[in-house]
Undergrad: 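Here you go, one structure.
Residue numbers start from 1 in every chain, and the chains themselves are labelled A, B, ... in the order their sequence lines are given, proteins ahead of strands. Any value given below was found using the heavy atoms of this structure, including those in side chains, with hydrogens, waters and symmetry copies removed.
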Number of protein chains: 2
Amino acid sequence: MNISQRSRANPPEPLRNCPACPVRNVSVCSTLDTDSFAELTSIGMELSIPAQTTLFSEGDPVHSVYSVVRGVLRDFRIMPDGQRQLVGFTLPGELVGALLGPTQPYSADTLGPVVVCRFPRTAFWDYFSRTRRSVQGVYGSAARDLGLVYDQLSLLGARSAERKVASFLVGFRDRWHRGGAGSLVPLPMTRQDLGDYLGLGISTVSRTLTALARRRLIVIVPGGVRILDHAKLEELTR
Amino acid sequence: MNISQRSRANPPEPLRNCPACPVRNVSVCSTLDTDSFAELTSIGMELSIPAQTTLFSEGDPVHSVYSVVRGVLRDFRIMPDGQRQLVGFTLPGELVGALLGPTQPYSADTLGPVVVCRFPRTAFWDYFSRTRRSVQGVYGSAARDLGLVYDQLSLLGARSAERKVASFLVGFRDRWHRGGAGSLVPLPMTRQDLGDYLGLGISTVSRTLTALARRRLIVIVPGGVRILDHAKLEELTR
DNA sequence: CGAGTTGTTGAGTGTATTCAAACGCGGTGG
DNA sequence: CCACCGCGTTTGAATACACTCAACAACTCG
């Protein structure tokens, strides 16, 4: 099922209640000045997307960027041989969709039910050229597309499975809790997804997680893990 | 040795002979209209940089972007444990330096003697906001920072050394010859560099290359390799 | 020509993988 | 309510592969 099929079932709706938005204060919206925020509110549309639905595909011409309100997106490329390489996950409060460039560099689909705000990309360009001093604010939300990718490069370059998994858990924890405290790391993706993201086999992911659990660094709970020993886990990433 | 030490020895020079520039027709300069090109020419400075010299470091505030005229840059990050992860190589005709964001996401140094043109980043922003329709032109040169990184993600996600090396050779060949024909792939970096780029040990890189040579897919020549069987090599990347 | 660096190759080890089987859980239908 | 099924996950055994350590060769540079 793709987005066009879906949108017939759940048509876009104008933004009505931004103040109550769960990511109002962390998303790109929090970086805008009052006028720009009002403008964005007036042109943004809210989409509710079912689980396992493609939001956009690699190579699609870019018309919109999306701010994730609820749920998690899986970003991936399909290699010539059919092998899938996950290039990231988009969490609530994060932007997805190329800010630059004519086409999407990867595909994105939903891990579960997802709510996003859709904005015409030109709105960001306008904002970009109008208030250059805030470029860094918009960039803060777009940082996924740059800094985070380099982080993942470093992650994939790691030689041991333990290190990859530990790095992933620590990074995902920080993103999920936005740097704040918090030990619960939701893992809404399958082990297969994790393997495709980390460059590991599915069994290796599972084995590594259980090994960490046996050493009491984490506990595996339904839908994720709980980190018991943050210090030791971070030690493994170095 | 870093760039500030170096620049005393080889001071920046104004651009005098752009028409004779070896990358005049492939670099970012080729994407600009006449006026913008004239403006860029007037503010750009040419730098000659010795081998093994740092151009900028991760975390540096970004004032300039650089267009490589001659030579190759090595782009890398240093991990907390001292391990180095190469995130790319910058070839002649390509841009390096963050177009967005306050700081450089990685360090860059020279593999050999390098000549670059330095431009204030704001010049690109001005151009960006002035001629929105040409964003894609500038983006074409900045694509390294987006599309190419995703390519490398896919590369690092590969499970076998053979596939990584083959993918690297094919990709590097295409970039070097800009999609055109050509069998010679210069490899100005060390095997250690290749290993840090591909997430492999130095001996594995060496073994894999000799294995490819034994199968007559490539020949190892001084300073690079020559591809004998393009089809079979590309087959290995899938 | 000698010293230092970079690259190759061999032997042995360790780790991730493949293949396969069993387990747990949620959903469906009898 | 319970048996069954499908899917994802865990775990085991055997294999394949990349790594470390180390010696040697080739090349660069003084």
Side-chain angles (χ1 to χ4, degrees), chain A residues 51-52 72 74 81-86 109 111-113 155-169 185-215 218-226 236, chain B residues 50-52 72 74 81-86 111-113 155-169 185-215 218-226 236:
Chain A
Q52 305 298 335
V72 177
R74 172 175 56 192
D81 65 335
Q83 150 120 355
R84 185 183 63 162
Q85 174 65 45
L86 291 213
D109 62 11
L111 286 175
L155 194 163
L156 276 170
R159 302 292 212 286
S160 80
E162 182 181 85
R163 194 158 175 178
K164 289 184 179 182
V165 171
S167 297
F168 170 76
L169 290 178
V185 182
L187 298 177
M189 68 295 285
T190 67
R191 297 287 190 265
Q192 182 68 62
D193 290 333
L194 281 179
D196 289 349
Y197 181 71
L198 300 173
L200 296 173
I202 176 173
S203 56
T204 305
V205 173
S206 185
R207 280 183 230 278
T208 308
L209 283 173
T210 57
L212 292 177
R214 238 192 301 275
R215 291 162 61 186
I218 63 173
V219 208
I220 300 175
V221 297
V225 304
R226 176 176 293 282
L236 293 183
Chain B
Q52 304 300 337
V72 178
R74 171 173 60 191
D81 65 336
Q83 150 121 354
R84 186 183 62 163
Q85 173 65 46
L86 291 212
L111 285 175
L155 194 164
L156 275 170
R159 303 288 213 287
S160 80
E162 182 182 85
R163 192 156 173 181
K164 289 184 178 180
V165 171
S167 297
F168 170 76
L169 290 178
V185 182
L187 298 176
M189 68 295 284
T190 67
R191 297 289 190 263
Q192 182 69 59
D193 291 333
L194 281 179
D196 289 348
Y197 182 70
L198 301 173
L200 295 173
I202 175 175
S203 56
T204 304
V205 173
S206 185
R207 279 182 229 278
T208 308
L209 282 173
T210 56
L212 292 176
R214 236 191 303 273
R215 291 162 61 187
I218 64 172
V219 205
I220 299 176
V221 298
V225 304
R226 176 175 295 281
L236 293 182

Undergrad: Which residues pass the side chain to side chain contact (heavy atoms under 4.5 Å, CB included) test with B:Gln83, not counting sequence neighbours?
TA: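 Partners of B:Gln83 under the side chain to side chain contact (heavy atoms under 4.5 Å, CB included) test: A:Arg159, B:Met79, B:Asp81.
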Undergrad: Flag the pair A:Phe168 / A:Leu187 as yes when at least one side-chain heavy-atom distance between them is below 4.5 Å, and no otherwise.
TA: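 Yes. Closest side-chain heavy atoms under 4.5 Å.
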Undergrad: Between side-chain atoms of residues 198-214 of chain B and protein atoms elsewhere (two or more places apart, or another chain), which donor-acceptor pairs fall under 3.5 Å?
TA:
| residue | atom | partner | partner atom | Å |
| --- | --- | --- | --- | --- |
| B:Thr208 | OG1 | B:Thr204 | O | 2.6 |
| B:Thr210 | OG1 | B:Ser206 | O | 3.2 |
| B:Thr210 | OG1 | B:Arg207 | O | 2.8 |

Undergrad: For residues B:Ala158 and B:Arg163, report the shortest heavy-atom separation together with the two atoms involved.
TA: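 Looking at all heavy atoms of both residues, the closest pair is CB-CG, 4.0 Å.
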Undergrad: I need the CD-P distance between B:Gln192 and C:dG4, as an integer number of Å.
TA: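 Those two atoms, CD and P, are 20 Å apart.
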Undergrad: Without decimals, in angstroms, what is the distance between B:Arg191 CZ and C:dT5 P?
TA: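 Whole-Å distance recorded here is 19 Å.
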Undergrad: So, does A:Asp196 use its side chain to make a donor-acceptor pair with the main chain of A:Asp193 at under 3.5 Å?
TA: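 No, the answer is negative, given that no donor and acceptor are paired below the 3.5 Å cut-off.
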Undergrad: Roughly, in whole Å, what's the span from CG in A:Leu209 to P in D:dG8?
TA: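 These atoms are roughly 17 Å apart.
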Undergrad: Check the distance between C:dT8's C1' and B:Leu194's CG and give it to me in whole angstrom.
TA: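 Value for this atom pair: 15 Å.
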Undergrad: For nucleotides 12-18 of chain D, read 5' to 3', which letter fits each nucleotide if B means a protein heavy atom sits under 4.0 Å from the base, S means only the sugar-phosphate is that close, and - means neither?
TA: BB----S
Undergrad: Output the rounded distance in Å from CG (B:Leu212) to C1' (C:dT8).
TA: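 Answer to the nearest Å: 15 Å.
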Undergrad: Please report the distance, rounded to the nearest Å, between CG in A:Asp196 and C1' in C:dA16.
TA: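 So the CG-C1' distance, A:Asp196 to C:dA16, works out to 15 Å.
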Undergrad: Could you check how far CD1 of A:Ile202 sits from P of C:dA16, rounded to whole Å?
TA: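 Taking CD1 of A:Ile202 and P of C:dA16, I get 16 Å after rounding.
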Undergrad: To the nearest Å, give me how far apart CD1 (B:Ile220) and P (D:dA26) are.
TA: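 To the nearest whole Å, that distance equals 14 Å.
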Undergrad: Quick one: pull up CZ in B:Arg84 and CZ in B:Arg74 and give me the separation to the nearest 0.5 Å.
TA: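 If we round to the nearest 0.5 Å, B:Arg84:CZ and B:Arg74:CZ are 5.0 Å apart.
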